[in-house]
Structures are given as C-alpha cells and as structure tokens.
Amino acid sequence: MKRLENRIAFVTGASSGIGRSIACAFAAEGARLILCARRVERMEALAAELEAAHGADVRCRRLDVRDRAEVERMIAEIPPNWAEIDILVNNAGLSRGLDKLHEGLADDWDEMLDTNVKGLLYVSRAVLPGMVRRDRGHVVNIGSIAGRELYPGGNVYCASKFAERAISKGMMIDLNGTNVRVTTVDPGLVETEFSLVRFHGDAARAAKVYTGVDPLTPDDIADAVLYAVTRPQHMNVAEMVILATCQAGTTYVSRKG
Ligand code: NDP
Ligand code: 8X3
C-alpha cells in the first residue's frame, strides 16, 4: 500500500524546483494531485510524466496566487470528487533582488509580499474551512532559513519568510483542537530557479550562488515534506530547518575554490 494512496494534495508553485519535486514524491506514493502555478504547460508535461511513471491522477490549474479573486474562484470550482483536499502545500514563492533597503525596488517588494505572504493567506483561507469541517488535513508551508535569520540585502524577502513562520504558528494555534496539522519546512540553499528569478534572469549571477558548494536539491526538501505528511495522526512535525552541510546559517556558507 502506497503511503498517500487516494489522498488529495494541492501543491502551489508546482511548475519548478521544490514544488515540482514535492509533486513527484507525492505521486510516487499514490496521491491524487492538484498542481498550480502560472506556467501551466510545464505542469502538464510533469503530469504526463507522473501518469506514465506512477499511473498518477493529476489536475493542473493555471493560478497566480497573488490574485485573490482567481484563487477563490479556482478553489470554489474544484469538482466534488476532488474537493476534499487532504494536504495543502503552500510552496509558491520567490525572491526579487538583493539590494540594500534604501536602494531597493518597490515593485520587487510588492511581488515578494504579494506572493509569499498574501498568496499563502488567500490559498489557505480558501482551503482550510473544508479541512476544519472534515476535521482532517495537513498544511505544509515552505518557509526558509531566511525566516529565522537576516542577511545583507535579504530585508524584504526575509520579512516575507518571517511572516510565513508567524502565520504557520498562528494557524497551528487557531487549528488547535482540530485534527488539522501545520508544518513549516524551512530550507537553506536549494539549487532551483530561485536565484535566476531573484536576479531577474541573470544566469551568470545566479550560477555563482551555487558555485563551490554542494547545495540541497529540491528532492531533499520533498523527502522532508513526505516525512512530515506520513507521520501518524497524533504526531505533528511543527518545524523543520534543513541546511546543506556546507551551510551553518544565512551568512555562513563554506565555499571551495
Ligand atoms: P523556483 O523558482 O524553482 O520555483 C518557484 C515556484 O513558485 C514556481 O513553480 C513558480 O511558478 C511559483 N510561483 C511564483 N510566483 C507565483 C505566483 N504568483 N503564483 C503561483 N505560483 C507562483 O524556486 P524554489 O523551488 O526554490 O522555491 C519554492 C519555495 O521555496 C519558495 O517559497 C521559496 O521562497 C522557498 N525556498 C527556496 C529556497 C532555495 O534556496 N531555493 C530556500 C528556502 C526556501 P510559476 O512561475 O510558473 O508561476
Ligand atoms: C532561500 C534561502 O538564504 O537565499 O530562502 O534566502 S536564502
């Protein structure tokens, strides 16, 4: 018996990186998947792979988590045989820029706060009432080491991930007394498209982030998420901080060469 057989999982930001790996890990364990992101063609290619490899049942939806009306509509329109979401993974997120606060771009701040904080809130607000009604479910929020420690130029991205951690704890408190669990998974350096997005498509600058280090892979984080969601019902993995061995904190990264 696969560990997530017939469980319905809703994963945001499934077109790339950590969200994509979570989709793969969940599909291999028999979950039925609702995948969301803006680049729907990438998710459709992934869905075809997962169907071929695991016979997975996958639905892909174009969704910009910043658009509250779109989030509410999309979730309200989920057909009844898909609506009882067991696992919500709030993974969609991004960083933009690494500038000093007094030199930063307000558009970058808006994009980070709207996605990482408000997007997470909109999706959770739409999915959680069903979990509470059914008295079962699990919310996994993808935070970051940046939600625990500042670093130069991290200002607003760090603030968004500090907010994610506050919201995770707030959710846990508000859901106490129900069987709905909340986990925050807080990684350090993971090699994905994250830095390419942060540096607005500057591939050379992005590559430098991972040069001379052995970073985490998105599969490492998916493995941790799978661990959290497959614990027995009486056990909630509240927080996981996962760092590459070469990293001791946001500003302590040991590089070779
Ligand atoms: P990627 O850039 O590889 O993936 C980000 C995902 O988020 C994409 O699928 C993207 O999809 C989606 N996304 C971004 N904005 C939106 C939006 N407005 N609406 C819907 N989906 C959106 O980066 P990662 O996989 O690394 O990032 C995933 C999460 O992990 C983020 O929350 C990030 O902050 C966090 N994280 C990453 C770390 C790292 O070092 N990589 C470390 C710690 C945490 P699309 O563009 O198609 O919409
Ligand atoms: C991503 C990790 O350290 O680049 O959340 O902010 S870091």
Side-chain angles (χ1 to χ4, degrees), residues 11-24 35-46 49 62 64-66 91-117 119 142-164 185-225 241-257:
V11 182
T12 69
S15 62
S16 172
I18 294 170
R20 185 186 198 283
S21 284
I22 292 169
C24 295
L35 305 182
C36 309
R38 293 163 301 178
R39 290 170 294 179
V40 78
E41 64 296 338
R42 282 188 176 208
M43 294 187 294
E44 279 166 357
L46 173 63
E49 272 178 43
R62 193 205 168 278
D64 185 334
V65 297
R66 294 171 299 176
N91 162 78
L94 82 181
S95 174
R96 288 289 196 194
L98 193 61
D99 304 310
K100 291 180 192 294
L101 190 86
H102 55 278
E103 294 166 355
L105 300 175
D107 284 347
D108 285 351
W109 303 342
D110 286 346
E111 194 174 1
M112 288 187 275
L113 295 172
D114 288 350
T115 309
N116 303 358
V117 183
I142 305 299
S144 172
I145 184 70
R148 294 167 178 268
E149 299 171 26
L150 271 292
Y151 55 89
N155 44 63
V156 176
Y157 178 68
C158 292
S160 77
K161 291 298 185 179
F162 270 74
E164 175 281 330
V185 175
D186 299 353
L189 273 174
V190 188
E191 189 163 7
T192 64
E193 292 175 13
F194 177 85
S195 295
L196 191 66
V197 172
R198 163 168 261 175
F199 299 128
H200 295 278
D202 182 340
R205 192 171 176 201
K208 278 196 193 136
V209 174
Y210 310 108
T211 302
V213 296
D214 189 5
L216 296 165
T217 69
D219 288 352
D220 295 329
I221 306 308
D223 193 33
V225 172
V241 180
I242 305 164
L243 302 180
T245 306
C246 63
Q247 183 170 26
T250 52
T251 53
Y252 299 96
V253 178
S254 156
R255 287 183 196 274
K256 296 207 167 54

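Start at 1 with the first residue, then count along the sequence.
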ask   = Going by heavy atoms in the side chains, are V156 and D108 under 4.5 Å from each other?
value = no
inquiry  = If we ignore hydrogens and angles and just use 3.5 Å, is the side chain of T217 paired with the main-chain N or O of D220 as donor and acceptor?
reply    = yes
message = Quick one: does any side-chain atom of R255 pair with a main-chain N or O of G212 as donor and acceptor, under 3.5 Å?
response = no
message = Among R39, E193, E44, which residue satisfies the side chain to side chain contact (heavy atoms under 4.5 Å, CB included) criterion with S15?
response = R39
query = Got a donor-acceptor contact below 3.5 angstrom from the S160 side chain to the V117 backbone?
reply = no
inquiry  = For V209 versus F199, what's the shortest heavy-atom pair and its separation?
reply    = CG2-CE1, 3.8 Å
query = Can we say R20 and E49 salt-bridge, meaning some charged N sits less than 4.0 Å from an Asp/Glu carboxylate O?
reply = yes
ask   = Among T192, I221, I18, which one satisfies side chain to side chain contact (heavy atoms under 4.5 Å, CB included) with L216?
value = I221
note = Minimal heavy-atom distance between G188 and I145, with the atoms involved, is CA-CG2, 3.6 Å
message = As an exercise, state the distance from CZ of R198 to CE of M112, rounded to the nearest 0.5 Å.
response = 7.5 Å
Atom pair CZ (R62) and CD (E41), whose distance is rounded to the nearest 0.5 Å = 9.5 Å
note = Here the gap from L94 atom CG to T115 atom OG1, rounded to the nearest 0.5 Å, amounts to 5.0 Å
Euclidean distance, Y157 OH relative to N116 CG, rounded to 0.5 Å = 6.0 Å
inquiry  = Donor-acceptor check, side chain of R96 to backbone of V197, threshold 3.5 angstrom: yes or no?
reply    = yes
request  = Search all heavy atoms of T250 against all heavy atoms of E149 and return the closest pair with its distance.
outcome  = N-OE1, 2.8 Å
query = Has the side chain of D114 got a donor or acceptor atom that lies under 3.5 Å from a matching backbone atom of G119?
reply = no
ask   = How long is the span from the CD atom in E164 to the SG atom in C158, to the nearest 0.5 Å?
value = 12.5 Å
query = Taking side chain as C-beta onward, heavy atoms only, is T245 less than 4.5 Å from D214?
reply = no
ask   = Within the distance-only criterion (no hydrogens, no angle test), does the side chain of N155 pair as donor or acceptor with the backbone N or O of D99 below 3.5 angstrom?
value = yes
ask   = If you take all heavy atoms of L46 and A14, which pair is closest and at what distance?
value = CD2-O, 3.8 Å
Crowding at CG, D202 (>12 non-hydrogen neighbours, <6.0 Å) = yes
ask   = For N91, does its backbone N or O pair with a side-chain atom of T12 as donor and acceptor, under 3.5 Å?
value = yes
key: Smallest separation among heavy atoms of S16 and R42, with atom names   = CB-NH1, 3.7 Å
request  = Grab the two heavy atoms, one from T211 and one from A207, that are nearest each other, plus how far apart they are.
outcome  = OG1-O, 2.8 Å
ask   = How long is the gap from OG on S144 to CZ on F162, to the nearest 0.5 Å?
value = 9.5 Å
